[in-house]
Enquirer: 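Next up is a structure, given as structure tokens.
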Amino acid sequence: MGNSIQQPSAGITLITTPELWLEGEAIKQLHTTATLPDISYAAAMPDIHPGRGYPVGAAFFTTQLIYPALIGGDIGCGMSLWQTSLKTHAMNQAKLIKQLGNLDQPLSASECTSLWPDIQPLQQHNYASGTIGGGNHFAELQMLDTIYVAEIAEQIGLNKQHLQLMVHSGSRGLGGAILDKHIRQFGHQGLIADSEAGKSYLTQHNQALAYAQQNRELIARRILTNLRAQGQKLADISHNFIEAACIHGESGWLHRKGAAPATQGLVVIPGSRGDYSYLVQPLDTPTALYSLAHGAGRKWQRSACKGRLSRRYTVEQLSRTVHGSRVICADRELIYEEAPQAYKSIDSVITAMVQAELIRPIARFKPVITYKVKTEKK
DNA sequence: ATGTCC
């Protein structure tokens, strides 16, 4: 424990270490958000960074009100992990990239059902189903680097001889449409959860949560199909959502904004596209509002990246990482914004959570191929 | 974040 938990003011917990850089603006947003009506507890994860008015990488607890704007537009955004049948030792990176093909076009409901008859498409909303999206979203083939707890790795079916697949994506346009409509009517104010409007939002929010989960499933299935591989889903956890929860004996609403739940089994915490990713076991503690970091966290603002990197690195250089992995990213702006240099080291984030006794690492993976976007912009 | 804005 020791210095990894800070309580700068009543009700606010920071999971950090002296070595970790926390951006001042993010801490400012944390305090501003924590003082909104009915927010009784806040917890900042070690990957906290500034967002649009609210910090990304934090959890907030209320007893009566819900704050849709705090969750933001990508309701249900999350991470999934699959064990694939692709042999690690026989891996041919160039061939895999070729086989992956282009995943940028949405899949229609009929394409989905003919490819995977066991999936029931949630087709009341077709918002770019089966596509990854932009920003920090990605799909990534990985190889097992280190197993820390062999018993659990074996139990869930992690296999070092075969590649893993990670998917980071969300509800695409659906969550944004729900938030837009909500904001036009109610602005950023908190809404009584039990009111008609509150219940209506939560119903739509839950649909977006399900849609995001299905979208990750479709992305993974699509990749496995293209690679002529089999796969088994090992985890799927959202890090952008509201849920009913009981905190310090009080029942209410837990808002996670870029924070993974510590209450739904094993959690994947991805590093940057040039860094390791971890599978961790959450420990049962209310210290950080039953929440964990959702990634490495940005170190540089998106707008600062190109200026800092374009004179030192070409786009071609950024498409290869220190792990020898390849990043498929035809968007020449995005590849700078998503460069590993723009993110904290994942080890610093994991260390903070280990020291705070929030997690136990189970396994570590390194990237092989990252898919962001293949289609060049016109 | 965006069947996104330039």
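In what follows, chains carry the letters A, B, and so on, assigned in the order in which the sequence lines appear, proteins first and then strands, with residues in each chain numbered from 1.
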Enquirer: Using chain A heavy atoms and a threshold of under 4.0 Å, write down where along DNA chain B the contacts begin and end, 5' to 3'.
Expert: B:dA1 to B:dC5
Enquirer: Are the side chains of A:Ile223 and A:Leu165 in touch, meaning some heavy atoms are under 4.5 Å apart?
Expert: yes
Enquirer: Checking all strands, does A:Gly176 fall into the base, sugar-phosphate, or nothing category for heavy-atom contacts under 4.0 angstrom?
Expert: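 Since no nucleic acid heavy atom lies under 4.0 Å of A:Gly176, the category is nothing.
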Enquirer: With sugar-phosphate meaning primed atoms plus P, OP1 and OP2, does A:Gly72 contact a base, only sugar-phosphate, or nothing at under 4.0 Å between heavy atoms?
Expert: nothing
Enquirer: According to side-chain hydrogen bond (donor to acceptor under 3.5 Å, both in side chains), who are the partners of A:Tyr201, at least two apart in sequence or on a separate chain?
Expert: none
Enquirer: Of all residues at least two apart in sequence or in a different chain, which pass the salt bridge (charged side-chain N to carboxylate O under 4.0 Å, His left out) check with A:Lys199?
Expert: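 Residues passing salt bridge (charged side-chain N to carboxylate O under 4.0 Å, His left out) with A:Lys199: A:Glu196.
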Enquirer: Using a 4.0 Å heavy-atom cut-off across all strands, classify A:Lys257 as base, sugar-phosphate, or nothing.
Expert: nothing
Enquirer: Quick one: salt bridge (charged side-chain N to carboxylate O under 4.0 Å, His left out) partners of A:Arg256, sequence neighbours excluded?
Expert: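 Result, salt bridge (charged side-chain N to carboxylate O under 4.0 Å, His left out) vs A:Arg256: A:Glu243.
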Enquirer: What residue pairs, at least two apart or across chains, pass ring-ring contact (aromatic ring centres under 6.0 Å, His included) with a residue in residues 71-108 of chain A?
Expert: none
Enquirer: Is A:Arg172 touching bases, backbone alone, or none of the nucleic acid, heavy atoms closer than 4.0 Å?
Expert: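 The residue A:Arg172 makes sugar-phosphate contact but no base contact.
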Enquirer: Which is true for A:Gly170 with a 4.0 Å heavy-atom rule: it touches a base, it touches only sugar-phosphate, or it touches nothing?
Expert: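 Nothing, no heavy atom under 4.0 Å.
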Enquirer: What donor-acceptor contacts under 3.5 angstrom involve side-chain atoms of residues 57-73 of chain A, with partners at least two apart or in another chain?
Expert:
unit_1  : atom_1 : unit_2   : atom_2 : d
A:Thr62 : OG1    : A:Leu65  : O      : 2.5
A:Thr62 : OG1    : A:Trp253 : O      : 3.4
A:Thr63 : OG1    : A:Asp38  : OD1    : 2.7
A:Tyr67 : OH     : A:Pro37  : O      : 2.6

Enquirer: Give A:Gly133 one of three labels, base, sugar-phosphate or nothing, depending on what nucleic acid heavy atoms sit under 4.0 Å from its own.
Expert: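 Since only primed, P, OP1 and OP2 atoms lie under 4.0 Å of A:Gly133, the category is sugar-phosphate.
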